[in-house]
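Some notes on the structure that comes next.
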Protein chains: 2
Amino acid sequence: MSASRSPVRQSSVRAHNLALVLQTVANSADRPSRAAVSAATGLTRATVSALVDDLIAGTLLTELDPAPRTGAGRPAAGLALAPDGPAGLGLEINVDYLAACVVDLTGAVRHRFVTRADQRLLPPCDSLAEVIRLAARAQQAATADGLVLAGAALAVPGLVAPGGLVRVAPNLGWQDVDAVTPLTAATGLPVTVDNEANLAALGELRADGAEPTFLYVSGEIGIGAGIVLDGELYRGGRGWSGEIGHVTVYPDGRPCRCGANGCLEQYAGQEAVAADPDLAAAALGIALSAVVNLLDLGVIVLGGGYAPEFERLRGGIEAELRRRVLTADLAPVSLRAAALGADAAMRGAADAVIRGVREDPAGWLATAQAV
Amino acid sequence: MSASRSPVRQSSVRAHNLALVLQTVANSADRPSRAAVSAATGLTRATVSALVDDLIAGTLLTELDPAPRTGAGRPAAGLALAPDGPAGLGLEINVDYLAACVVDLTGAVRHRFVTRADQRLLPPCDSLAEVIRLAARAQQAATADGLVLAGAALAVPGLVAPGGLVRVAPNLGWQDVDAVTPLTAATGLPVTVDNEANLAALGELRADGAEPTFLYVSGEIGIGAGIVLDGELYRGGRGWSGEIGHVTVYPDGRPCRCGANGCLEQYAGQEAVAADPDLAAAALGIALSAVVNLLDLGVIVLGGGYAPEFERLRGGIEAELRRRVLTADLAPVSLRAAALGADAAMRGAADAVIRGVREDPAGWLATAQAV
DNA sequence: TCAAATAATTCAACCAATAAACAAATCCCA
DNA sequence: TGGGATTTGTTTATTGGTTGAATTATTTGA
């Protein structure tokens with residue numbers, strides 16, 4: 001079942017190994033030689049050489065000066081991700097700002113545009129028109145740098161259906177908004193739309209020293225979560241996972257706008273945190289304990305509005321985790337503030353595009369050659 | 001990242017395609033011909049023929065009379081899983097019984113042995129000795145049928161570490177018990193140990209008409225859950241997922257033996273269900289709403305002690321789900337009783353062994369040939 | 001009885017990885 | 001200063017596995 005339901009031919013072998021080599025270079029701290037990649041992957045030096053040639057021809061890798069020498073022998077040629085390779089366009093529509101950025105293959109933010117403006121009173125088409133303007137500026141800046149964009153991704157604070165339709169974005173006042181069509185038309189790029197917390201979690205995954213399995217919690221007006229399992233975003237059966245804001249904390253507690261009582265959002269939303277940080281921490285601790293009991297996650301990252309309040313919340317959350325997580329004494333749960341700030345979702349969106357290229361370089365090489 | 005971190009050679013292609021062909025035959029309602037498998041998988045008829053030859057030689061597939069004819073042309077040879085192929089030995093140690101069963105490659109239960117006896121007062125080695133006796137009887141019965149056992153799996157109601165060590169099984173009174181070593185020594189088979197709810201979920205996955213993504217909840221003295229995502233058991237970062245029994249339902253509620261207050265177990269454990277089914281249903285509904293909000297699972301299966309009480313619990317659970325699941329009106333959550341009864345965990349254990357063979361037939365062929 | 005149709009096998013060609021030999025470039029030591 | 005040791009990277013023949021086309025096998029229907 002786990003095995004993909006499709007046949008494998010020789011070309012799939014090459015596709016897989018291209019990805020393997022690219023990822024190995026990407027995850028290396030230094031600039032590995034072909035021989036080092038060969039040792040790390042288990043592929044022959046000859047094979048690695050052939051694969052690297054393809055990747056260099058497709059501007060996914062570049063050769064650099066060798067890493068500092070060690071002993072005898074012919075000096076190595078250092079490999080690294082190409083800064084002039086395919087880049088990603090990250091977009092975000094949020095309650096009080098719009099943003100766009102260009103991130104290159106190495107993960108460096110090359111351009112960044114932000115417009116602060118309350119989107120709650122605007123119709124969706126106005127917000128979209130403005131984000132399209134930002135996207136156009138970003139595209140110009142990218143082409144001025146000689147960068148080719150591989151695609152665009154848009155982060156939205158709401159429930160997004162698999163096709164990219166925004167079903168509900170309560171804090172924007174959106175309902176069943178199709179953002180994919182206008183953005184594709186305007187940018188000429190393949191466009192995906194995703195939940196803000198999901199993309200922020202992906203952004204966090206790429207930050208330095210990030211663990212492969214963690215829960216990212218974003219505390220804004222609403223509360224969202226991105227579940228990352230083994231380096232992979234878990235989207236749920238229908239793409240609507242991570243709605244931690246409506247996990248019940250106090251069954252007969254405060255009424256929530258969703259119709260239920262005692263949702264986390266009522267005790268740990270932005271207003272609630274400002275009003276009573278201790279109450280917020282306790283409520284968060286109860287909800288997060290449920291997550292850890294269910295999913296056995298060892299790391300929880302607090303982002304969005306929680307990041308600046310992290311030190312004030314930490315103690316209260318950890319107390320509840322110690323009390324309520326069954327395996328707390330077998331395996332500790334660590335809590336940390338998000339490494340990326342407010343840009344997390346936008347960065348994550350751009351990273352998602354880059355990720356696509358990194359995970360399927362063969363596909364990119366094919367499309368790049370076709371043009 | 002998702003891409004496995006290992007190189008792919010041509011032999012991996014064959015391994016993958018062998019698995020693909022085997023799974024395709026296994027999942028077919030009828031008895032597909034080589035040509036039908038070719039059409040279903042996208043592999044060439046020539047390739048499928050070669051692969052099928054290998055699978056037949058390894059007694060994983062057999063040729064049968066063709067399925068009912070349709071039109072003109074040479075009649076097909078029907079393919080099916082071999083009933084005399086490798087079988088799995090499923091074992092279970094539970095609070096008030098021990099069990100063993102032999103399941104063949106087709107999923108049929110060939111033999112079944114159960115001993116009713118309270119294990120709570122016995123030291124672990126006594127329970128293990130008795131389950132080893134059952135295992136020996138099952139092995140004899142299997143060899144009498146001409147079956148070769150591919151391995152054994154043991155279901156235990158407790159937390160199991162990745163290596164197979166039972167860290168804690170509160171209702172058995174076990175702590176840090178190594179069941180793998182004595183079982184391997186006694187049976188001469190590769191042995192795995194796993195949580196009872198996890199294995200029961202796997203058993204349920206194999207039942208007719210099962211969905212690929214669901215939550216299995218087992219209500220015994222404790223409450224465990226198995227999370228199945230896309231046909232795959234989710235074990236969590238450290239193998240301890242699914243501890244739904246200690247999800248907080250009423251933060252200041254009844255004290256639990258784990259030290260926390262208001263755990264689900266105190267409101268929906270076996271005793272609580274008997275005492276007040278409505279309270280149990282409400283508590284279950286609250287906890288399950290949290291699961292659905294977090295993981296977006298569309299199907300919940302109630303097993304163990306919940307199965308016979310299903311109709312009495314259903315209404316109360318569904319009411320809470322409707323109220324507390326954010327996406328309840330976008331996508332319904334369906335609730336059903338487990339298809340397998342008390343045998344679920346034992347069957348799931350045997351299935352887990354079979355599953356290993358089905359997912360990696362190349363590995364099995366290699367070991368079978370070596371012998 | 002022969003043509004059409006469908007199933008399965010055979011065989012040459014191709015593609016990708018491997019293993020081993022070879023070429024290139026540096027260090028180290030006499 | 002020069003030769004061996006050492007490591008990197010490339011070249012070449014070989015192997016394994018799938019493909020595609022042709023071939024053989026077996027039935028239905030005109």
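Residue numbers start from 1 in every chain, and the chains themselves are labelled A, B, ... in the order their sequence lines are given, proteins ahead of strands.
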Touch check for Arg45(B), heavy atoms < 4.0 angstrom, all strands: base, sugar-phosphate only, or nothing? base

Compare side-chain N and O positions of Ser11(B) against OP1 and OP2 of dG16(D) and report whether any pair is under 4.0 Å apart. no

Any donor and acceptor pair, going by atom type alone, linking the side chain of Glu204(B) with main-chain N or O of Ala339(B) inside 3.5 Å? yes

Taking CZ from Arg31(A) and P from dT8(D), how many angstroms apart are they, rounded to a whole number? 17 Å

Without decimals, in angstroms, what is the distance between Leu51(B) CG and dT18(D) C1'? 9 Å

Go through it in stages, so that I can follow the logic: the residues are Asp54(B) and Leu60(B), the test is side chain to side chain contact (heavy atoms under 4.5 Å, CB included), and I'd like the CA-CA distance, side-chain angles, deciding distance and then a yes or no. CA-CA 9 Å; Asp54(B) 277 14; Leu60(B) 292 172; over 6 Å; no

Quick one: does Arg206(B)'s side chain get under 4.5 Å of Ile354(B)'s, heavy atoms only? yes

How close or far is atom P of dA17(C) from atom CG of Leu18(A), stated in whole angstroms? 8 Å

Using whole Å, what does the distance between atom P of nucleotide dA16(C) and atom CG of Leu20(A) come to? 16 Å

Closest contact, heavy atoms only, Leu105(B) versus Ala82(B): CB-O, 3.5 Å

Tell me the interatomic distance from Glu63(B), atom CD, to dT26(D), atom P, rounded to whole angstroms. 13 Å

Tell me, which pairs form a side chain to side chain donor-acceptor pair (under 3.5 Å) where one or both residues lie in residues 38-53 of chain B, sequence neighbours left out? none

Sequence neighbours left out, what passes salt bridge (Lys or Arg N to Asp or Glu O under 4.0 Å) with Asp360(B)? Give chain and number order. none

State the OH-CG distance between Tyr234(A) and Asp296(B), to the nearest 0.5 angstrom. 6.5 Å

Distance criterion of 3.5 Å, no angle test: do you see the side chain of Arg74(A) paired donor-to-acceptor with the base of dT7(D)? no

Distance, rounded to the nearest Å, where Asp54(A) contributes CG and dC15(C) contributes C1': 13 Å

Please tabulate the protein-to-nucleotide N/O contacts below 3.5 Å involving nucleotides 18-20 of chain C, giving atom names and distances.
residue	atom	partner	partner atom	Å
dT18(C)	OP1	Arg9(B)	NH1	2.8
dT18(C)	OP2	Thr44(A)	N	3.3
dT18(C)	OP2	Thr44(A)	OG1	2.8
dT18(C)	OP2	Thr47(A)	OG1	2.9
dT18(C)	O5'	Thr44(A)	OG1	3.3

Starting at atom NE2 of His16(B), determine the distance to atom C1' of dG16(D), rounded to an integer number of angstrom. 17 Å

Is the distance from OP1 or OP2 of dG17(D) to the nearest side-chain N or O of Asn17(B) less than 4.0 Å? no

DNA chain C: Ala35(B) or Val13(A), which has the more 5' nearest nucleotide? Ala35(B)

